[in-house]
Amino acid sequence: MSGSGSRLPGDSENNDRHKSEERAEARLSGTLGVRFAEYVDSHGVAKSKVVRNALDEYLPDSEGSQYLLPEDPELADAYLALAGDEKRVMTVDKAESVLCQETHPNTPKKLIREEVLEPLAETPFLTVSYGRVALPPLTPKDDLSGGSDDV
């Protein structure tokens with residue numbers, strides 16, 4: 001047998017799915033392992049799908065974004081959830097609801113202001129005033145490179 005390893009039919013040295021996909025392995029022990037096994041059994045889903053979904057929830061969406069964002073990945077994700085192509089103004093309550101739903105589902109709504117909105121308000125990306133949140137439109141990174149205003 002050649003050194004094909006676990007290649008599937010159609011895979012070749014030039015078209016090897018293992019070279020284009022990241023592989024990760026982990027051992028789950030204790031209650032985490034038990035919870036994982038119970039979830040997989042009760043929901044009838046593949047272990048790999050559960051792990052991929054969990055990583056997708058855990059890892060920031062802002063990595064590799066085309067927009068200018070706050071440096072903190074958690075704040076960047078929050079800003080992306082709130083901002084748009086046009087200037088937006090909304091109540092603090094609405095912003096807290098959006099963030100609880102989209103980027104911080106495990107954070108109680110009452111903590112969103114302290115842990116997310118206040119730190120974002122210390123950046124140029126968001127302003128909180130009189131119970132309202134104002135956000136400038138998303139700025140593509142490409143808008144910052146080159147241009148006639150460069151000195």
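What you see is a predicted model; the values in this text were computed from it and never measured. We number each residue from 1, following the sequence as shown.
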*Check the side chains of H104 and E115 for a donor-acceptor pair under 3.5 angstrom, ignoring hydrogens and angles.*
no
*Under the criterion side chain to side chain contact (heavy atoms under 4.5 Å, CB included), which of D41, V45, V40 is the partner of H43?*
V45
*So, for Y67 and K141, which heavy atoms are closest and what is the spacing to 0.1 Å?*
O-CE, 3.1 Å
*Out of curiosity, R132 CZ to R88 CZ, how far, rounded to the nearest 0.5 Å?*
13.5 Å
*Specify the closest pair of heavy atoms between T103 and A81, including all atoms of both residues, with the distance to one decimal.*
CG2-CB, 3.7 Å
_Salt bridge R113-E96, side-chain N to carboxylate O under 4.0 Å_ = yes
*For K94, look at atom NZ and say whether over 12 heavy atoms of other residues, nucleotides or ligands are found less than 6.0 Å away.*
no
*Could you give the distance from CD (E71) to OG1 (T123), rounded to the nearest 0.5 Å?*
10.5 Å
_Which heavy atom of I112 sits nearest to which heavy atom of T107, and what is that distance?_
CD1-CG2, 3.8 Å
*asked:* Looking at every heavy atom in both Y79 and P137, which two are closest together, and how far apart are they?
replied: OH-O, 3.6 Å
*Check V116 against L75 and note the closest heavy-atom contact, atom names and distance.*
O-CD2, 3.7 Å
*asked:* Could you tell me if the side chain of V133 sits less than 4.5 Å from the side chain of T91, heavy atoms only?
replied: no
*Are L138 and L80 close enough that some pair of their side-chain heavy atoms sits under 4.5 Å apart?*
yes
*Is E118 atom CD crowded by more than 12 heavy atoms from other residues, nucleotides or ligands, each under 6.0 Å away?*
yes
*asked:* Test of understanding: clusters of I, L, V, M, F, W, Y form through side-chain heavy atoms closer than 4.5 Å, transitively. Do L28 and V50 belong to the same one?
replied: yes
*Can you tell me how far CG of L135 sits from CG of L82, rounded to the nearest 0.5 angstrom?*
5.5 Å
*asked:* I need the E74 CD to L99 CG distance, nearest 0.5 Å.
replied: 10.0 Å
*What distance do E38 atom CD and T31 atom OG1 have between them, rounded to the nearest 0.5 Å?*
10.0 Å
*What distance separates L120 CG from T127 OG1, expressed to the nearest 0.5 Å?*
10.5 Å
*Where A83 and P136 come nearest, the two heavy atoms and their spacing*: CB-O, 4.2 Å
